[in-house]
Amino acid sequence: MRNFIQKIPEFCMSHWLLRIPLAVVFIQQGLSKFPVTLDGAESFDLPYIVWWFAAYGELLSGIGLLVAGIGTWVSWGYEEYADLLTRFCGITICSIMTGVIWVGQPESLWDVILYDNLHVFLWVGGLFFALRGNKT
């Protein structure tokens, strides 16, 4: 019984409360851009290559965040790679969200902080995983 109780925190770590919604939002947004077309890029005045990287970056960073999170409670012997993947996905999320905020052309930083709550949350979530990795 004692071993069971000690293993509960290993599986039910609180980072999943942030990891899952962040990944779901990024996977959903990435899938919404498929098929990646020039018309989609032009609707935001972006070059096609930027639109392509945004679509695949959103999709793969969401998937990568979930896959790397599994490495926090499954011992495969690849914990270091799972940590690096979490950090890379966090950096990717921050980069994409910075681009999304810039495309919106806010008048000031205060406009972003006060009125662009979803993008700020997603940016901070990405920063959390970029800095934290899979540390428990």
Side-chain angles (χ1 to χ4, degrees):
M1 182 69 169
R2 185 170 197 182
N3 286 339
F4 175 74
I5 291 172
Q6 287 176 342
K7 291 201 181 266
I8 289 175
E10 291 178 15
F11 180 76
C12 300
M13 290 183 240
S14 60
H15 67 89
W16 286 105
L17 296 174
L18 183 59
R19 188 181 294 260
I20 291 172
L22 188 63
V24 167
V25 167
F26 266 78
I27 291 169
Q28 177 187 9
Q29 289 301 311
L31 287 174
S32 72
K33 291 175 176 58
F34 284 92
V36 182
T37 63
L38 185 58
D39 293 335
E42 288 175 348
S43 67
F44 288 96
D45 290 331
L46 293 173
Y48 177 75
I49 191 72
V50 172
W51 188 248
W52 187 90
F53 274 110
Y56 282 96
E58 287 174 351
L59 179 63
L60 295 176
S61 65
I63 292 170
L65 206 58
L66 293 176
V67 168
I70 294 171
T72 62
W73 55 273
V74 175
S75 293
W76 293 333
Y78 298 106
E79 289 82 13
E80 298 86 18
Y81 297 113
D83 183 67
L84 285 174
L85 181 59
T86 295
R87 292 176 189 272
F88 180 75
C89 291
I91 291 168
T92 303
I93 288 170
C94 283
S95 300
I96 291 171
M97 292 318 304
T98 300
V100 167
I101 291 169
W102 280 348
V103 165
Q105 298 177 347
E107 291 186 20
S108 70
L109 178 62
W110 287 111
D111 283 346
V112 174
I113 292 171
L114 295 175
Y115 305 115
D116 204 1
N117 304 63
L118 176 64
H119 294 143
V120 170
F121 163 74
L122 295 172
W123 190 85
V124 171
L127 183 63
F128 173 80
F129 286 111
L131 296 175
R132 180 180 181 271
N134 281 351
K135 291 181 187 170
T136 56

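Since we're looking at a predicted model, the values are computed, not measured. Starting from 1, each residue takes its place in the sequence as its number.
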Output field: ring centroids Y48/W52 closer than 6.0 Å: no
Centre-to-centre under 6.0 Å for F129 and F88, is that the case here? no
Tell me whether R87 contacts the main-chain N or O of L131 through its side chain, where contact means a donor paired with an acceptor under 3.5 Å. yes
Are [Y] and [X] co-members of a hydrophobic cluster defined by side-chain heavy atoms under 4.5 Å apart?
{"X": "L22", "Y": "I20", "answer": "no"}
{"X": "I101", "Y": "V103", "answer": "no"}
{"X": "F26", "Y": "L60", "answer": "no"}
{"X": "W102", "Y": "F44", "answer": "no"}
{"X": "L31", "Y": "I63", "answer": "yes"}

Looking at [atom1] of [X] and [atom2] of [Y], how far apart are the two atoms once the value is rounded to the nearest 0.5 Å?
{"X": "L127", "Y": "R132", "atom1": "CG", "atom2": "CZ", "answer": "13.0 Å"}
{"X": "Y78", "Y": "E80", "atom1": "OH", "atom2": "CD", "answer": "10.5 Å"}
{"X": "I27", "Y": "S32", "atom1": "CD1", "atom2": "OG", "answer": "12.0 Å"}

Applying side chain to side chain contact (heavy atoms under 4.5 Å, CB included) to D116 and D111, what does each step give before you reach the verdict? CA-CA 7 Å; D116 204 1; D111 283 346; over 6 Å; no
If you take all heavy atoms of [X] and [Y], which pair is closest and at what distance?
{"X": "A23", "Y": "G62", "result": "CB-O, 3.4 Å"}
{"X": "V36", "Y": "A55", "result": "CG2-CB, 3.7 Å"}
{"X": "S61", "Y": "I93", "result": "OG-CG1, 3.7 Å"}
{"X": "L66", "Y": "W16", "result": "O-CH2, 3.9 Å"}

Counting neighbours of CZ on F34 that are heavy atoms of other residues, nucleotides or ligands and sit closer than 6.0 Å, is the number greater than 12? yes
Under the side chain to side chain donor-acceptor pair (under 3.5 Å) rule, collect the residues that match up with [X], sequence neighbours excluded.
{"X": "W123", "result": "T98"}
{"X": "T37", "result": "none"}
{"X": "T86", "result": "R19, N134"}

Mind running side chain to side chain contact (heavy atoms under 4.5 Å, CB included) on I96 and E58 for me, showing each step along the way? CA-CA 8 Å; I96 291 171; E58 287 174 351; 3.6 Å; yes
Apply side chain to side chain contact (heavy atoms under 4.5 Å, CB included) to L122 and V100, showing your working. CA-CA 11 Å; L122 295 172; V100 167; over 6 Å; no
Counting C-beta onward and ignoring hydrogens, is there a side-chain heavy-atom pair between P21 and V24 closer than 4.5 Å? no
